[in-house]
Participant: 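The structure follows.
The basis for the numbers below is simple: all heavy atoms, side chains too, and nothing from hydrogens, waters or symmetry mates. Residue numbering restarts at 1 for every chain, and letters A, B, ... go by the order of the sequence lines.
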2 protein chains.
Amino acid sequence: MKPPNPKASPRKTRGPKAQKVDTALLLDAAQRVFSASGIKGASIRAIAREAGCDPALIYYHFESKEAMFLALLDRKLPPLAQDLEFIAEASNLEPTYLRLWKISRVYRRHFSRDTGFRAVLRGQIVSGTEGAKEAIARHIQRAARCNWAIIEQGIQRGDLRPDLNPRMTGFFLVRMFMEIFDLVPAFSERITQMPGEQALVATERAWFELFWRGVAVPPVSALPADLFSVE
Amino acid sequence: MKPPNPKASPRKTRGPKAQKVDTALLLDAAQRVFSASGIKGASIRAIAREAGCDPALIYYHFESKEAMFLALLDRKLPPLAQDLEFIAEASNLEPTYLRLWKISRVYRRHFSRDTGFRAVLRGQIVSGTEGAKEAIARHIQRAARCNWAIIEQGIQRGDLRPDLNPRMTGFFLVRMFMEIFDLVPAFSERITQMPGEQALVATERAWFELFWRGVAVPPVSALPADLFSVE
DNA sequence: TCTCCATTTCAACAACTGTTGAATAGTGTG
DNA sequence: CACACTATTCAACAGTTGTTGAAATGGAGA
């Protein structure tokens, strides 16, 4: 039995009836490969394999891997910022603790399925090209401004300590939620002695309670029992 | 003018009088390359170039890149755990706030120069091989146990809230310091509107104050003014 | 019909990679 | 002296990579 003749494999058609690959599918594939292998460790061919297309197509749609990474940011971060802007409207008269909790729900909605990607983002923040750092900073700034505004309003309304630095406080609130989304799934048994999703929920609550005690006026103002059911 | 004849380059000597490269130097080089490029993106040849040796030497000393990564953990994390074990001794009668602050000083001492490496560690926690995850978990567990013990002792001494989960609380305390070490240098102007080192110090203090308010009994028990000078 | 355009694939090239076995160079021991 | 051992380099191989230009394919419009 002779082995299959490689020259006999059917040639894929090109042009309009070729396998259609839109850029969203390419970006999804890139995200998966970046998450598994880092940006440098993610080869164009691995991304193409993941997307089920020819590597040259990536060059047709994007200039480089970095351009793909930036496109992923451009796809992901503006909707997050929009959701935050909604909460941060000055006309929003919801209680401050509720607004802060809703911030965390926004981050959870937009990031909870991006486990490996966040390590990649951090790597780029710390060791990436200036272009990447600048783009990340720009996007994060837009989201962060909303968080600062909510905290400032909380201070003005007398709900939060007047000595708080809104930028730092926003950083603490958000970064800890991101840590929780990243690490608790991997380490749930060790951190909480509870399994999976239960661990995540319990840790989020414990964090928000600690945070609230740390920032609230008067000290230890109570959080209502149904807060944590708000999605 | 003819170009230099590549065959005429001097051959490097081998054997005992060859350029001496000990494994510490290899690991330093690996850490730098891992930090810049991730583990997958770090080629053996790049590490060898960074170390100034032949790539085959890496195979002489280590089985693989992963083995190098694990050796880096083995080098770095036990001294950290040892320092924490010293603070966590049950006979240590220092005030609880001081012991918690000292925890942060230990992490600062051992990790403050490893900026890119922490993203690599996180990537391995989330997406690494089972071997890497297990090794990381083992090391982190040893350190984390000290943190839990200190928090438990704080609860027993009536300094900390009795409803705190020591594991979660330890996680919050430490992870936020790690976030601060990683991200504040990169984003100091945006987070604090202060430059570099000043931003780091100010953010650490703000975090510890918030944390302390969140965990202390009675609420808002005061931290002494000279705490933050403790290194 | 022909031309243009958009999209996708093919093919190829130079460079890089991981890895291996052999060679080299000393030292110590019997 | 010969041999064994250690540490380092050289050379080579097969495989993978990034990237590019050309080719193929269909649809739309003149």
Side-chain angles (χ1 to χ4, degrees), chain A residues 3-30 32-34 36-71 129 131-132, chain B residues 3-30 32-34 36-71 129 131-132:
Chain A
N5 180 0
K7 285 196 184 158
S9 342
R11 299 185 141 229
K12 293 192 176 185
T13 193
R14 315 175 190 191
K17 287 217 174 164
Q19 164 170 280
K20 217 70 197 136
V21 179
D22 67 14
T23 57
L25 192 144
L26 288 182
L27 289 178
D28 291 339
R32 289 195 292 275
V33 179
F34 287 160
S37 309
I39 292 183
K40 186 132 192 308
S43 70
I44 295 281
R45 289 181 200 228
I47 297 168
R49 279 193 298 269
E50 181 76 21
C53 71
D54 187 87
L57 187 62
I58 293 175
Y59 287 100
Y60 179 79
H61 286 285
F62 298 95
E63 190 180 311
S64 63
K65 268 193 293 187
E66 172 160 330
M68 288 184 107
F69 175 70
L70 296 180
T129 66
Chain B
N5 179 2
K7 284 195 184 162
S9 343
R11 302 186 139 228
K12 294 192 173 182
T13 195
R14 313 173 190 192
K17 289 218 171 164
Q19 166 169 283
K20 220 62 200 145
V21 178
D22 68 15
T23 57
L25 194 143
L26 288 182
L27 288 178
D28 291 340
R32 288 195 293 275
V33 179
F34 288 160
S37 309
I39 292 184
K40 184 129 195 311
S43 71
I44 295 281
R45 289 182 201 223
I47 296 168
R49 279 193 297 270
E50 182 76 22
C53 71
D54 187 86
L57 188 63
I58 293 174
Y59 287 100
Y60 180 79
H61 286 285
F62 298 96
E63 190 180 312
S64 62
K65 269 193 291 189
E66 174 161 328
M68 290 185 105
F69 176 70
L70 296 180
T129 65

Participant: For the pair made of CD1 in B:Ile44 and C1' in C:dC16, what is the distance, rounded to whole Å?
Facilitator: 14 Å

Participant: Rounding to an integer number of Å, can you tell me how far B:Lys17 NZ sits from C:dT24 C1'?
Facilitator: 14 Å

Participant: Would you give the length of the straight line joining atom CG of B:Leu27 to atom CZ of B:Phe62, rounded to the nearest 0.5 angstrom?
Facilitator: 4.0 Å

Participant: Could you state the atom-to-atom distance from CZ of A:Arg45 to C1' of C:dA15 in whole Å?
Facilitator: 12 Å

Participant: Would you say A:Lys12 reaches C:dT8's phosphate, i.e. side-chain N/O to OP1/OP2 under 4.0 Å?
Facilitator: no

Participant: Would you list the atom pairs, donor with acceptor, under 3.5 Å between side chains in residues 44-59 of chain B and any protein atom, with sequence neighbours excluded?
Facilitator:
{"residue": "B:Glu50", "atom": "OE2", "partner": "B:Arg32", "partner atom": "NE", "Å": "2.6"}
{"residue": "B:Glu50", "atom": "OE2", "partner": "B:Arg32", "partner atom": "NH2", "Å": "3.3"}
{"residue": "B:Asp54", "atom": "OD2", "partner": "B:Ala56", "partner atom": "N", "Å": "2.9"}

Participant: Using the side-chain heavy atoms of B:Arg49, tell me which of these nucleotides is nearest: C:dT17, C:dA25, D:dT8.
Facilitator: C:dT17

Participant: In residues 55-67 of chain B, which ones come under 4.0 Å of DNA chain D, going by heavy atoms?
Facilitator: B:Ala56, B:Leu57, B:Tyr60, B:His61

Participant: When you match B:Asp54 and A:Gly15 each to their closest nucleotide on DNA chain D, which lands nearer the 5' end?
Facilitator: B:Asp54

Participant: Please list, chain by chain and in numerical order, all residues satisfying salt bridge (charged side-chain N to carboxylate O under 4.0 Å, His left out) with B:Arg14, sequence neighbours excluded.
Facilitator: none

Participant: Separation of B:Ile47 atom CD1 from C:dC16 atom C1', in whole Å?
Facilitator: 15 Å

Participant: Between A:Ser43 and D:dT17, is there a contact of a side-chain N or O with OP1 or OP2 at under 4.0 Å?
Facilitator: yes

Participant: Without swapping roles, check the side chain of A:Lys65 against the backbone of A:Ile39 for a donor-acceptor pair under 3.5 Å.
Facilitator: yes

Participant: May I have the distance from B:Lys40 (atom NZ) to C:dT17 (atom P), rounded to whole angstrom?
Facilitator: 13 Å

Participant: Please confirm whether any donor atom in the side chain of B:Arg14 sits under 3.5 Å from an acceptor in the base of D:dT6, or the reverse.
Facilitator: no

Participant: Taking all non-hydrogen atoms of both residues into account, name the closest pair between A:Ala30 and A:Met68 and its distance.
Facilitator: CB-CE, 3.8 Å

Participant: How far apart are the closest heavy atoms of B:Lys40 and A:Gly41, and which atoms are they?
Facilitator: NZ-O, 3.3 Å

Participant: Does a nitrogen or oxygen in the side chain of A:Thr13 sit under 4.0 Å from OP1 or OP2 of C:dT9?
Facilitator: no

Participant: Provide the closest heavy-atom pair for A:Val33 versus A:Ala42 in the form atom of the first, atom of the second, distance.
Facilitator: CG1-CB, 3.5 Å

